[in-house]
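First the proteins, then the strands, lettered A, B, ... as listed; each starts at 1.
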There are 2 protein chains.
Amino acid sequence: MMISTRGKYALRVMACLARMDQEKYIPLKEITESEEISQKYLEGIMGTLSKAGLVESAHGKGGGYRLSRPPEDYRIGEILRLTEGSLSPVSCLEGETRPCPNAARCSALPVWRKLDSLINNYLDGIYLSDLIDGSGGDNYVI
Amino acid sequence: MMISTRGKYALRVMACLARMDQEKYIPLKEITESEEISQKYLEGIMGTLSKAGLVESAHGKGGGYRLSRPPEDYRIGEILRLTEGSLSPVSCLEGETRPCPNAARCSALPVWRKLDSLINNYLDGIYLSDLIDGSGGDNYVI
DNA sequence: GAATTGCCTATTGACTGGGTAGGGAAAAGA
DNA sequence: TCTTTTCCCTACCCAGTCAATAGGCAATTC
């Protein structure tokens, strides 16, 4: 398994924000109540999203989070890579700055590389907006 | 990360066996010496491969393991699914007998399903024989 | 200055991954 | 029959990760 609840929660929050008024800041409390996600846990994930600029935040009353771009400008690959750290199917590809010492003679490496780009390209071809419009109104979860 | 050393070791052993005399039984000791894998750890993996019929085993002197089919008849997806337990990118797809309670209204589920079949189809399109012939003689590792 | 909200740093408990330890059972050869 | 070789089985260990919790600080609004 490659995508944990962390990434799935991130998608849910982003989809949730995408369904709401894009101007207003939405407090986390409001989201966790309807989505049944641990608020404290989600706070950590929001920190990641916020630091990377995927959402904007505001303190105090009337504060909360909102998307910083329109939903059709988020690739879900981007959201998942950020929150999961990596979407690589094998650890060999994770720190490609200092690769596996056997890389030069590894006959499986090309397979992992191809698989990796297959996964990333697929997830980069799907946009946040694809998760919210589509077939089913606004009673959708992730 | 979805494919751990367990699956990679399995591929290495299978590739190693594929490069040797298909009739003779090869003792694990011989493999772990050249591949630098913990013998005790590998024993557990071989048990899985043997029980599933991917390799045949023989006790005693002159014993060891050998492939039970020609290398071009093993899909690497088969080897990896067996040793890793599952290649699902998300836990939602792992026990599909009793699926996630939100499955019916999950807008991401179709995405996971598609991703899952993408991964499995790709790995099922590559055969053990593809890892050993190809470009580089027999000094290849995984 | 009180209330609201985001942020930051532990800490926990369960689980998993990789590996170790020790010994038992089967087969072959002397 | 006895020893050696090999596979097999069960249990254990240690480090790391995942999901969640706890507590409190900082910023903003009213």
Could you list, one pair per line, each protein nitrogen or oxygen that sits under 3.5 Å from a nitrogen or oxygen of nucleotides 24-29 of chain C, together with the distance?
none

With side-chain hydrogen bond (donor to acceptor under 3.5 Å, both in side chains) as the rule and sequence neighbours excluded, what pairs involving residues 75-84 of chain A come up?
S4(A)-E84(A), R69(A)-E78(A), R75(A)-Y127(A), R81(A)-N120(A), R81(A)-D124(A)
Pairs flagged by side-chain hydrogen bond (donor to acceptor under 3.5 Å, both in side chains) wherever residues 47-58 of chain B is involved - sequence neighbours left out:
R6(B)-T48(B), E56(B)-R66(B)
Qualifying residues under side chain to side chain contact (heavy atoms under 4.5 Å, CB included), relative to [X], sequence neighbours excluded:
X	value
P70(A)	E72(A), D73(A)
K40(A)	S38(A), E43(A)
S117(A)	N121(A)

For [N], does OP1 or OP2 lie under 4.0 Å from any side-chain N or O of [X]?
X	N	result
S4(B)	dT16(C)	no
Y65(A)	dC7(C)	yes
S50(A)	dG6(C)	no

Mind running a 4.0 Å heavy-atom check of residues 77-89 of chain A against DNA chain C and sending the residues that fall below it, in number order?
none
Residues of residues 36-44 of chain B with a heavy atom under 4.0 Å from any atom of DNA chain C, listed by number, are S38(B), K40(B), Y41(B)
Start and end of the DNA chain D segment that chain A contacts, any atom under 4.0 Å from a heavy atom
dA19(D) to dT29(D)
Hey, does E35(A) have a side-chain heavy atom less than 4.5 Å from the side chain of L42(A)?
no
Quick test of your reading: applying salt bridge (Lys or Arg N to Asp or Glu O under 4.0 Å), list the pairs with at least one residue in residues 22-31 of chain B, sequence neighbours left out, ordered by first then second residue.
none
Among residues at least two apart in sequence or on other chains, which ones pass ring pair (Phe, Tyr, Trp, His ring centres under 6.0 Å) with Y41(B)?
Y9(B)
Terminal helix-axis angle for the helix from dG1(C)-dC30(D) to dA30(C)-dT1(D), with five pairs defining each axis and rounding to 10 degrees:
0°
Answer with base, sugar-phosphate or nothing: what part of the nucleic acid does G64(B) contact at a heavy-atom distance below 4.0 Å?
sugar-phosphate
